[in-house]
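Since the model is a prediction, treat every value here as computed from it, not as a measurement.
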2 protein chains.
Amino acid sequence: MQSQPYSQRPLVDQELKRVYLFAGLNIQQLERVKQSMRHLLLAEGESLFEQGQRAERFFLVREGHIKLLRLSLEGSEKVFEVIAPTQTFAEAIMFMPNSVYPVSAQAIEPSSLLAFENKIFVEILKESSDTCFRLMFHMSRRIRHWINEVDNLTLQNATYRLINYILYHIPSNHQDSYEFNLPIPKQVIASRLSIKPETFSRILNSLCQEGLLTVTGRIIHIHQVEKLRLYGQSALLPNEHYEIVCQDGLLPKK
Amino acid sequence: MQSQPYSQRPLVDQELKRVYLFAGLNIQQLERVKQSMRHLLLAEGESLFEQGQRAERFFLVREGHIKLLRLSLEGSEKVFEVIAPTQTFAEAIMFMPNSVYPVSAQAIEPSSLLAFENKIFVEILKESSDTCFRLMFHMSRRIRHWINEVDNLTLQNATYRLINYILYHIPSNHQDSYEFNLPIPKQVIASRLSIKPETFSRILNSLCQEGLLTVTGRIIHIHQVEKLRLYGQSALLPNEHYEIVCQDGLLPKK
DNA sequence: TCATTGACTTGATTTGAATCAAGGTTGCCT
DNA sequence: AGGCAACCTTGATTCAAATCAAGTCAATGA
């Protein structure tokens, strides 16, 4: 874990201010955050922290992708989340005294991060009710996220989960064809979706055969987005229709 | 949903003060909470709120058990949590403007609850950093709980989940025999563990056959707790040993 | 250039748990 | 008492996804 400036791109205050958690800070507070801030550069596969390790910092991803995972003793891993640029992580446990990271964090590709000291930020939290509310707001969304995750794992099948993952990458207004690059290796996505790589491959293949999309390496070309959305709903079979769970846990409008 | 005093047992302030979230309130604040507080009495099977409904209150269970669930369109349900007396629920979304409940809540048996107005409590949160921290602390634990839940669903099998559920009900110092009553119907536990009732029954049966426990209706008699703990670990097969995840997400000490 | 490695695919087989289909118990209500 | 309805159990069968076992392909590197 090196700690030196990384990207040519200079760190502008704006970058920090765009972070939801920091948006309410005044100049002095922002300055304190910056004081304790460290630049990190991770190589591909490099570990940031391990599950069970004392949690003293939280992080902002600037470039690259970080996976949050747990390992079984044989070495097989389950990816719980993949953190993309502009997102923060590990901030939900900052104020827990003697807390430990509940998962391990590892770079999927060369990545650039900023690390913030929990201790400093907790001091700011104590004096800023507004920032407390921002953090609580954020944590509340995280909880809903995990509830939806359990919902997906228990009520939805692998095909549905994969389709949902794909749809998530498509702007919601798009209807016709759409092409995008998978940001991370297929195996990582598979693990994130709790699917084995072989099954992942087979599902993608069967979606191709249905004529819904074309796969070229990491490039996914969806022929008709609207069709895929409908297919996602029928993938809920064999049990007829399940309730569609939107990202925010709301029911879709009838 | 009636709203009148229920239990003969008088509502003492102590009962409120024992609630973690209220423990830091001063007399005036506690008074305001009590002002907005409502007593609720739910019959067996009665619904408290539905998923997607506007969230304006959070709750404390005094007597009975409440299940938090989501329904599929055919009517099959997945129980996400079962709330027992002295526990609060739905407090994690209180400050979200226009938030909705992410799950439905329903009484498993005749239950007595207290309902608190989010609006009032948010006002208190704004003036009490200490209470903010209590809430954040609580939410942080909830997040870890859900991460462990996903871990259980993806890395552990049904037998392991059931054993873990049983072990959860046994004081950790017990080693030999132990007997307890399942607090709720077996089907509800099954759903909570994402197991079908048939499978649940079969697993319990096979644990009986292994001589680990005896089942008489809702009474579970464990012959040797320590043996069950070990069996729980070998139930992690076929993949040899998995990492044991303690409730707090910590690794067990070597 | 060829070897090696890691990512992905494809096929054959197994398997844990779900589903389907009857039962059995228990307790409640008339 | 008798009938009904939950709740639970048991057995036979099916099925989605995992596992096992070879592959292919592309990128890296000596």
Side-chain angles (χ1 to χ4, degrees), chain A residues 43-45 67 72 74-79 108-110 152-163 181-209 214-220 234-240 242, chain B residues 43-45 67 72 74-79 108-110 152-163 181-209 214-220 234-240 242:
Chain A
E44 183 183 327
K67 61 182 177 187
S72 66
E74 321 92 75
S76 76
E77 69 177 41
K78 156 68 186 164
V79 173
I108 295 172
E109 33 178 6
N152 282 331
L153 288 171
T154 54
L155 297 173
Q156 266 76 50
N157 64 24
T159 302
Y160 178 91
R161 294 206 294 277
L162 176 45
I163 289 178
N181 251 288
L182 295 176
I184 47 174
K186 292 197 180 104
Q187 8 169 19
V188 180
I189 300 173
S191 176
R192 165 65 248 284
L193 300 175
S194 298
I195 301 172
K196 296 289 151 189
E198 295 95 323
T199 307
F200 184 92
S201 176
R202 278 185 252 271
I203 293 173
L204 258 193
N205 198 324
S206 77
L207 293 178
C208 287
Q209 303 234 321
T214 312
V215 182
T216 320
R218 282 197 190 171
I219 304 162
I220 307 284
S234 58
L236 295 170
L237 299 165
N239 283 342
E240 299 295 336
Y242 281 98
Chain B
E44 182 183 328
K67 61 183 176 185
S72 66
E74 320 91 76
S76 74
E77 70 178 37
K78 156 67 187 165
V79 173
I108 295 172
E109 33 179 7
N152 282 331
L153 288 170
T154 56
L155 297 172
Q156 266 76 53
N157 64 25
T159 302
Y160 178 91
R161 294 205 295 277
L162 176 44
I163 289 178
N181 252 289
L182 295 177
I184 47 175
K186 291 198 181 102
Q187 9 168 19
V188 180
I189 301 173
S191 176
R192 164 64 248 284
L193 300 174
S194 299
I195 300 172
K196 296 289 150 188
E198 294 96 324
T199 306
F200 184 93
S201 176
R202 277 184 253 270
I203 292 173
L204 258 193
N205 198 323
S206 76
L207 292 178
C208 287
Q209 302 235 323
T214 312
V215 182
T216 318
R218 282 197 190 173
I219 303 162
I220 306 283
S234 57
L236 295 170
L237 299 166
N239 283 339
E240 301 294 337
Y242 282 97

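Each of Glu44(B) and Asn205(B) has a nearest nucleotide on DNA chain D; the 5'-most of these lies closest to Glu44(B). For the pair Val215(B) and Ser194(A), nearest-nucleotide mapping onto DNA chain D gives the more 5' position to Val215(B).
An OP1 or OP2 oxygen of dA6(D) is reached within less than 4.0 angstrom by no side-chain nitrogen or oxygen of Gln187(B). Note on Ser201(B): every side-chain N or O is 4.0 Å or more away from OP1 and OP2 of dC8(D). Contact check, Lys186(B) against dT9(D): a side-chain N or O comes under 4.0 Å of OP1 or OP2.
The Glu198(B) side chain lies nearest to dA21(C) when the options are dC8(C), dT19(D), dA21(C). Nearest nucleotide to the side chain of Thr199(B), out of dT10(D), dA17(C), dC8(C): dA17(C).
Taking a pair as Watson-Crick or G-U wobble with both distances under 3.5 Å, the runs of three or more consecutive pairs in DNA chain D are C:1-30 with D:1-30.
Between Leu162(B) atom CG and dA17(C) atom C1' the separation is 14 Å, expressed in whole Å. The distance between atom CG of Leu204(A) and atom P of dA17(D), rounded to the nearest whole Å, is 14 Å. We find that CG of Leu153(B) is positioned 14 Å from P of dA18(D), with the value rounded to whole Å.
Under a 3.5 Å cut-off, the side chain of Arg161(A) and the backbone N or O of Ser194(A) do form a donor-acceptor pair.
Looking at Arg218(B) and Pro183(B), their side chains never come closer than 4.5 Å, going by heavy atoms from C-beta outward.
Evaluation of the salt bridge (charged side-chain N to carboxylate O under 4.0 Å, His left out) test over residues 190-201 of chain B, restricted to residues two or more places apart or in two chains, returns Glu149(B)-Arg192(B). Pairs of residues two or more places apart, or lying in two chains, never qualify as side-chain hydrogen bond (donor to acceptor under 3.5 Å, both in side chains) while including a residue from residues 181-191 of chain B.
You'll find a donor-acceptor pair under 3.5 Å spanning the side chain of Arg202(B) and the base of dG11(D), going by distance alone. The base of dT25(C) lies outside donor-acceptor range of the side chain of Arg218(B), with no N or O pair under 3.5 Å.
Scanning both residues, Ile195(A) and Phe200(A), for their nearest heavy atoms gives CG2-N, 3.5 Å.
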Exercise for review: Go through Leu207(A) and Ile163(A) one step at a time and tell me if the side-chain contact (heavy atoms from CB on, under 4.5 Å) criterion holds.
Suggested key: CA-CA 9 Å; Leu207(A) 293 178; Ile163(A) 289 178; 4.0 Å; yes
